[in-house]
Novice: 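Attaching a single structure in structure tokens format; questions to follow.
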Number of protein chains: 2
Amino acid sequence: MKVNLNQLKDEFKRYLKRRNMKITQSRLDLIDLLASYGRHFEVEELVNWVASRTDRRVSRSTVYRTIKLLQEFGAIKEVIKQNNRTIYEFVVGKPHHDHLVCVECGKIIEFVNEDIENLQDEVCREYDFEPMNHRLEIFGICSECRKQT
Amino acid sequence: MKVNLNQLKDEFKRYLKRRNMKITQSRLDLIDLLASYGRHFEVEELVNWVASRTDRRVSRSTVYRTIKLLQEFGAIKEVIKQNNRTIYEFVVGKPHHDHLVCVECGKIIEFVNEDIENLQDEVCREYDFEPMNHRLEIFGICSECRKQT
DNA sequence: TATCTTAATGAAAGTCAATCTCAATCAATT
DNA sequence: AATTGATTGAGATTGACTTTCATTAAGATA
Ligand SMILES: [Mn+2]
Ligand SMILES: [Mn+2]
Ligand SMILES: [Zn+2]
Ligand SMILES: [Zn+2]
């Protein structure tokens with residue numbers, strides 16, 4: 001699914017205004033970068049990536065702060081928590097999905113399953129629980145890793 | 001579901017033997033303690049709890065090492081990963097289940113849903129992925145917290 | 001039982017992701 | 001342009017977890 005970046009940035013600007021926050025260059029740069037990044041990422045990875053683009057420096061602090069902000073805005077999500085590491089994903093324009101994680105090679109497989117989603121909603125209704133977000137991680141061994149001896 | 005503690009400990013002892021590991025007092029103490037603990041827990045909580053039982057000291061290092069060992073043995077599982085904290089559960093004698101987590105009050109609600117489990121297996125088959133374990137966390141607001149204000 | 005081998009332990013140091021502090025800077029309003 | 005207040009960067013700090021290594025204890029052997 002294609003996203004209109006300008007439209008996204010406008011929404012983000014409005015979001016910042018609503019929260020009495022300032023529209024800074026760092027924030028716009030990061031949303032730009034993330035929109036084009038195209039894979040799951042860790043924060044430290046992003047810090048280095050931003051640092052390698054010499055045209056503008058964004059500190060580690062700001063990257064962490066902006067990641068949190070973009071989560072609240074809804075543009076990114078924590079999708080995998082494993083070994084004290086957090087893997088994020090830019091989700092704008094992507095339908096919701098969950099993940100299979102190979103514990104051997106680290107490969108991440110995405111899957112969409114509406115039936116599971118619906119059953120989750122049913123469970124929440126049963127417990128009068130208002131779901132905000134969820135994370136389903138299935139850890140195991142991918143087919144390629146199983147082939148190797 | 002009731003578990004026979006002695007039987008569990010015997011299995012654990014055999015498990016240790018198989019791995020050429022020693023049956024130590026710390027290890028037996030911890031499995032004893034966990035079997036009677038009866039709620040979700042964090043490691044630090046356990047460290048303190050063990051420390052408060054003055055009859056025997058078990059160091060933080062040993063608690064961490066044993067937690068990992070008991071995970072491999074299959075007696076405990078990481079069930080919630082939130083805000084850089086890990087919540088564990090003693091699972092012997094409990095049917096598999098997943099969790100609703102209230103982001104307001106921290107309450108944890110357990111639920112069992114065979115349909116979701118089966119659909120997960122289907123997804124894994126579809127991707128030729130061999131699942132080892134999974135974690136489904138649904139974050140939201142519980143009914144009590146929604147009532148307030 | 002005494003002896004021997006080797007794994008386990010505890011205390012402290014180390015690691016690493018994430019957060020905090022605070023002076024300097026920048027956005028936005030007037 | 002001046003003012004106000006949020007944001008930033010650098011480095012310090014936190015907190016969960018791991019590692020190191022000298023000492024202790026399990027358990028095999030005689
Ligand atoms: Mn994904
Ligand atoms: Mn549980
Ligand atoms: Zn793999
Ligand atoms: Zn609640």
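Side chains are part of it too, since the values below use all heavy atoms of this structure and drop only hydrogens, waters and symmetry mates. Sequence lines set the chain letters: A, B, ... in the order given, protein chains first and strands last, and positions in each chain run from 1.
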Novice: Give me the residues of residues 30-44 of chain B where at least one heavy atom lies under 4.0 Å from an atom of DNA chain C, by number, or none.
Specialist: none

Novice: Using a heavy-atom distance cut-off of less than 4.0 Å, which residues of residues 70-88 of chain A contact DNA chain C?
Specialist: A:Asn84, A:Thr86

Novice: Throw together a table of side-chain donor-acceptor distances under 3.5 angstrom for residues 39-47 of chain A, partners on residues two or more places apart or in other chains.
Specialist:
from	atom 1	to	atom 2	distance (Å)
A:His40	NE2	A:Glu89	OE1	3.4
A:His40	NE2	A:Glu89	OE2	3.2
A:His40	NE2	A:His99	NE2	3.3
A:His40	NE2	A:Glu110	OE2	3.0
A:Glu42	OE1	A:Arg85	NH1	3.4
A:Glu42	OE2	A:Arg85	NH1	2.7
A:Glu44	OE1	A:Tyr64	OH	3.3
A:Glu44	OE2	A:Arg60	NE	3.1
A:Glu44	OE2	A:Arg60	NH2	2.1
A:Glu45	OE1	A:Glu42	N	3.1
A:Glu45	OE2	A:Tyr37	OH	2.7

Novice: Considering residues at least two apart in sequence or located in another chain, which fulfil the side chain to side chain donor-acceptor pair (under 3.5 Å) criterion with A:Thr62?
Specialist: A:Ser59

Novice: Identify all pairs in which a protein N or O lies below 3.5 Å from an N or O of nucleotides 28-30 of chain D, and state each distance.
Specialist:
none

Novice: Nearest whole angstrom, please: distance from the P of D:dC17 to the CD of B:Glu45.
Specialist: 12 Å

Novice: So which heavy atom on A:Lys17 is nearest to which on A:Ile23, and how close?
Specialist: NZ-CD1, 4.1 Å

Novice: I'd like a table of atom pairs between the protein and nucleotides 2-5 of chain D - only N or O on both sides, under 3.5 Å - with the distance next to each one.
Specialist:
from	atom 1	to	atom 2	distance (Å)
D:dG5	N2	A:Lys22	NZ	2.7
D:dG5	N3	A:Lys22	NZ	3.2

Novice: What closest approach, in Å, do B:Cys145 and B:Cys102 show between heavy atoms, and which atom pair accounts for it?
Specialist: SG-SG, 3.8 Å

Novice: For the pair A:Ile141 and A:Val103, evaluate side-chain contact (heavy atoms from CB on, under 4.5 Å) and give the outcome as yes or no after the intermediate values.
Specialist: CA-CA 6 Å; A:Ile141 318 270; A:Val103 297; 3.9 Å; yes

Novice: Between the two end axes of the helix from C:dT1-D:dA30 to C:dT30-D:dA1, each built from 5 base pairs, what angle do you get to the nearest 10°?
Specialist: 30°

Novice: Taking side chain as C-beta onward, heavy atoms only, is A:Phe111 less than 4.5 Å from A:His97?
Specialist: no

Novice: Please test A:Ile138 against B:Cys124 for side-chain contact (heavy atoms from CB on, under 4.5 Å), starting from the C-alpha separation and ending with a verdict.
Specialist: CA-CA 9 Å; A:Ile138 304 182; B:Cys124 290; 3.9 Å; yes

Novice: How close or far is atom P of D:dA10 from atom CZ of A:Arg65, stated in whole angstroms?
Specialist: 11 Å

Novice: Are the side chains of A:Asp98 and A:Glu117 in contact, using a 4.5 Å heavy-atom criterion?
Specialist: yes

Novice: Would you say a side-chain N or O of A:Arg57 is under 4.0 Å from OP1 or OP2 of D:dG9?
Specialist: no

Novice: Would you indicate what A:Ser61 reaches in the nucleic acid, counting non-hydrogen atoms under 4.0 angstrom: base, sugar-phosphate, or nothing?
Specialist: base

Novice: Just do the side-chain contact (heavy atoms from CB on, under 4.5 Å) check on A:Glu104 and A:Gln148 with the steps written out, would you?
Specialist: CA-CA 11 Å; A:Glu104 201 68 31; A:Gln148 296 170 16; over 6 Å; no

Novice: Any chain of hydrophobic side-chain contacts (each under 4.5 Å) joining A:Leu69 to A:Val92?
Specialist: yes

Novice: Chain B on DNA chain C: first and last contacting nucleotide, 5' to 3', under 4.0 Å to a heavy atom?
Specialist: C:dT6 to C:dA18

Novice: Can you list the steps and then say if B:Asp128 with A:Arg146 is a side-chain contact (heavy atoms from CB on, under 4.5 Å)?
Specialist: CA-CA 10 Å; B:Asp128 194 11; A:Arg146 281 213 312 294; 2.6 Å; yes

Novice: Are A:Met132 and B:Leu136 in one and the same hydrophobic cluster, where Ile, Leu, Val, Met, Phe, Trp and Tyr link if side-chain heavy atoms are under 4.5 Å apart?
Specialist: no

Novice: Got a sec, which pairs hit ring-ring contact (aromatic ring centres under 6.0 Å, His included) with one end in residues 124-149 of chain B, sequence neighbours left out?
Specialist: B:His96-B:His134

Novice: Expressed as a whole number of angstroms, how long is the span from A:Arg19:CZ to D:dA6:C1'?
Specialist: 13 Å

Novice: Ignoring hydrogens and geometry beyond distance, is the side chain of A:Arg60 in donor-acceptor contact with the base of D:dG11 at under 3.5 Å?
Specialist: no

Novice: On DNA chain C, compare the nucleotides closest to B:Asn20 and B:Thr62; which residue's is nearer the 5' end?
Specialist: B:Asn20

Novice: Which heavy atom in A:Ile116 sits nearest to a heavy atom in A:Asn113, and how many Å separate them?
Specialist: N-OD1, 2.9 Å

Novice: Could you state the atom-to-atom distance from OH of A:Tyr64 to C1' of D:dG15 in whole Å?
Specialist: 14 Å

Novice: Quick one: B:Asp29 CG to D:dA25 P, roughly how many Å, whole number?
Specialist: 14 Å

Novice: Once side chain to side chain donor-acceptor pair (under 3.5 Å) is applied, do any residues pair with A:Glu122, and if so which ones, sequence neighbours excluded?
Specialist: none

Novice: Show me the donor-acceptor pairs, under 3.5 Å and distance only, between side chains in residues 8-16 of chain A and residues at least two apart or in other chains.
Specialist:
from	atom 1	to	atom 2	distance (Å)
A:Lys9	NZ	A:Asp32	OD1	3.0
A:Lys9	NZ	A:Asp32	OD2	3.1
A:Tyr15	OH	A:Arg19	NH1	2.6

Novice: Identify, with sequence neighbours excluded, every residue that meets side-chain contact (heavy atoms from CB on, under 4.5 Å) alongside B:Asn118.
Specialist: B:Glu114

Novice: Compare side-chain N and O positions of A:Ser26 against OP1 and OP2 of D:dT8 and report whether any pair is under 4.0 Å apart.
Specialist: yes

Novice: Answer with yes or no whether the hydrophobic clustering places B:Leu33 together with B:Ile87; edges join I, L, V, M, F, W, Y residues whose side-chain heavy atoms lie under 4.5 Å apart.
Specialist: no

Novice: Do the side chains of A:Glu137 and A:Lys81 get close enough for a salt bridge, i.e. N-O under 4.0 angstrom?
Specialist: no

